[in-house]
Number of protein chains: 2
Amino acid sequence: MKVNFFHQQLQFSRAFKKALNKQLSEAGLFHSQWLVLYCIKKQQPVPLVEISNYLDVEKPTISRTIKRLEEQKLVEAVPGADKRERRICLTETGENSYEKGQEIVFQFEKKLAAEISEADMETTLNTILSLKNKLKKEEIN
Amino acid sequence: MKVNFFHQQLQFSRAFKKALNKQLSEAGLFHSQWLVLYCIKKQQPVPLVEISNYLDVEKPTISRTIKRLEEQKLVEAVPGADKRERRICLTETGENSYEKGQEIVFQFEKKLAAEISEADMETTLNTILSLKNKLKKEEIN
DNA sequence: TGAAATTAGTTACCTAGTTAACTACATATG
DNA sequence: CATATGTAGTTAACTAGGTAACTAATTTCA
């Protein structure tokens, strides 16, 4: 049973992203783009490396996502004290896209989780966090 | 809290795949390759479309993975009655890689799940299955 | 039986993640 | 101060997922 869990977990996460991407296309966004907008919104102007740390996604991935968001005029860089840094902000269009995305994600997750009890959700979240933590620890060895 | 769950879930699934891929490199395999070998092992000679259905991964993705496995001489196609089909089998090398991968995956998952109680694991699995099911149903609308 | 619809698989092109190797700037230390 | 080390970000090349549009073989059914 334990073995099957991980397979199911991965399958769910793919299905989840697929479905959410479909919803988010309404706002002209992909899920990964929305996540980055979310990070920027929370602590703009934010250097790229902080987004990478927060999302636990490697820098080149974030770099590429930011590049596309810049092309779509959703974000822009402002100069910082440290010349290596590129501190990123939302544009006005970016703020709008973020808000739209936020609403879509919120409704989607709410609807999806509706039938799960609070208690089960908590147990499940704790299990996931615990597994995630274990992975981090293993990494060191 | 519910909102955070999905984020954590996705982060875990990325971390999980990353760590497992690292382990599997010992056997010269990627996780997705191992999954496909697993399907083939269970019901060879198996047409590509059945792997796609079982793993719930689109056909072009499976097609590409099979192509690489063929290049590595881990699998081969045998002719079937239906001329559209390509029924896939493991080669002897493929059987070996599968066995190696199987052991690595088993040990990895066992170690990872070690500290989670049976009860919590069951709750978590049921939650995931329930969410997965809900996604499938939504899809129809 | 012949035309239409379905199915298996592929190709091309997109997003999203990874690692490895690099540049340019900043900081620490001899 | 000069050098070494560390850090922010990029580039290139890979795996892994997706959709859309296609070919060729098979079924359906009028």
Side-chain angles (χ1 to χ4, degrees), chain A residues 10-25 28-37 45-72 74-75 77-88 135 139, chain B residues 10-25 28-37 45-72 74-75 77-88 135 139:
Chain A
L10 287 177
Q11 285 209 327
F12 168 67
S13 102
R14 258 190 314 105
F16 175 85
K17 257 206 302 195
K18 194 171 165 180
L20 186 47
N21 270 331
K22 204 169 174 182
Q23 297 292 311
L24 276 171
S25 69
L29 291 174
F30 292 96
H31 177 240
S32 60
Q33 294 182 320
W34 183 79
L35 277 180
V36 169
L37 290 184
V46 59
L48 205 140
V49 69
E50 274 187 42
I51 304 175
S52 166
N53 289 336
Y54 179 76
L55 296 179
D56 193 26
V57 163
E58 300 297 329
K59 285 189 296 173
T61 307
I62 302 297
S63 189
R64 191 214 282 139
T65 302
I66 294 282
K67 200 169 92 189
R68 285 176 192 156
L69 290 171
E70 281 179 315
E71 283 162 9
Q72 295 177 250
L74 300 182
V75 307
V78 298
D82 188 329
K83 281 178 191 167
R84 291 168 305 177
E85 280 184 355
R86 298 207 315 121
R87 301 188 85 93
I88 311 293
L135 272 182
E139 212 169 89
Chain B
L10 288 177
Q11 285 209 326
F12 168 67
S13 100
R14 260 192 311 107
F16 175 86
K17 258 205 302 194
K18 194 171 165 180
L20 186 46
N21 270 330
K22 203 169 174 181
Q23 297 292 311
L24 276 171
S25 70
L29 290 174
F30 292 96
H31 177 240
S32 61
Q33 293 182 322
W34 183 78
L35 276 181
V36 169
L37 290 184
V46 60
L48 205 138
V49 69
E50 273 186 43
I51 304 175
S52 166
N53 288 336
Y54 179 76
L55 296 179
D56 193 24
V57 163
E58 299 297 328
K59 286 188 296 174
T61 305
I62 302 297
S63 187
R64 191 216 282 138
T65 302
I66 295 283
K67 200 170 93 187
R68 284 176 192 154
L69 290 171
E70 281 178 317
E71 282 162 10
Q72 292 176 253
L74 300 182
V75 306
V78 298
D82 187 330
K83 280 177 191 166
R84 291 169 306 177
E85 279 184 357
R86 297 210 313 121
R87 302 189 85 94
I88 310 293
L135 273 182
E139 211 170 89

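In what follows, chains carry the letters A, B, and so on, assigned in the order in which the sequence lines appear, proteins first and then strands, with residues in each chain numbered from 1.
In this structure, A:Lys22 NZ and A:Lys18 NZ are separated by 8.5 Å, a value rounded to the nearest 0.5 Å. Here the CD1 atom belonging to B:Ile62 is positioned 8.5 Å from the CG atom belonging to B:Leu35, to the nearest 0.5 angstrom. Atom CG of B:Leu10 sits about 12.5 Å away from atom CG of A:Asp56, to the nearest 0.5 Å.
Residue A:Leu35 contributes atom CG, which lies 17 Å from atom P of C:dT15 at whole-angstrom precision. Computed from coordinates, the A:Phe30 CZ to D:dT19 P distance equals 11 Å when rounded to whole Å. One atom, NZ of B:Lys17, and another, P of D:dC14, lie 19 Å apart when rounded to the nearest Å. The distance from atom CD1 of B:Ile51 to atom P of D:dG17 is 13 Å, rounded to the nearest whole Å. Here C:dT18 presents its P atom at 10 Å from CD of B:Gln11, a figure rounded to the nearest Å. Spacing between atom CD of A:Gln72 and atom C1' of C:dC14 amounts to 13 Å, rounded to whole angstrom units. Whole-Å rounding puts the B:Arg68 CZ to D:dG17 C1' distance at 11 Å. Between the C1' atom of D:dG9 and the CD1 atom of A:Ile62 lies a distance of 12 Å, rounded to the nearest Å.
Between D:dA16 and B:Thr61, no contact under 4.0 Å exists linking OP1 or OP2 to a side-chain N or O. Residue B:Arg14 has a polar side-chain atom (N or O) positioned under 4.0 Å from OP1 or OP2 of C:dT18. In terms of phosphate contacts, A:Lys59 brings no side-chain nitrogen or oxygen within less than 4.0 Å of OP1 or OP2 of D:dG9. At least one side-chain nitrogen or oxygen of A:Ser63 sits closer than 4.0 Å to the OP1 or OP2 atom of D:dT10.
Comparing atom distances between the A:Val49 side chain and each of D:dT15, D:dA8, C:dT18 picks out D:dA8 as nearest. In this structure, the nucleotide among D:dG18, C:dT18, C:dG17 sitting nearest to the side chain of A:Ser32 is C:dG17.
End-to-end axis angle of the helix from C:dT1-D:dA30 to C:dG30-D:dC1, using five pairs per end and rounding to 10°, comes to 10°.
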Cut-off 3.5 Å, no hydrogens considered: what does the side-chain donor-acceptor table look like for residues 45-54 of chain A, sequence neighbours left out?
from, atom 1, to, atom 2, distance (Å)
A:Ser52, OG, A:Val57, O, 2.7
A:Asn53, ND2, A:Val49, O, 3.4

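Using the six-membered ring where Trp is involved, B:Trp34 and B:His31 have ring planes that are parallel, under 30° apart on the 30 and 60° scheme.
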Every protein N/O lying under 3.5 Å from an N/O of nucleotides 20-23 of chain C:
none

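For B:Val57 and A:Lys67, each mapped to the nucleotide of DNA chain D holding its nearest heavy atom, the one lying further toward the 5' end belongs to A:Lys67. If B:Val46 and B:Arg64 are placed on DNA chain C by their nearest nucleotide, the residue sitting closer to the 5' end is B:Val46.
For the segment residues 79-88 of chain B, the set of residues with a heavy atom within less than 4.0 Å of an atom of DNA chain D comprises B:Ala81, B:Asp82, B:Lys83, B:Arg84, in numerical order.
Residues meeting the side-chain contact (heavy atoms from CB on, under 4.5 Å) test with A:Phe30, sequence neighbours left out: A:Asn21, A:Ser32, A:Gln33. Applying the side-chain contact (heavy atoms from CB on, under 4.5 Å) criterion to A:Glu70, with sequence neighbours excluded, gives A:Ile66, A:Val75, A:Ala77, A:Arg86.
Scanning both residues, A:Leu135 and B:Phe12, for their nearest heavy atoms gives CD1-CE1, 3.7 Å.
Shown are B:Val36, B:Thr61, B:Thr65; of these, the side chain to side chain contact (heavy atoms under 4.5 Å, CB included) with B:Leu55 is made only by B:Val36.
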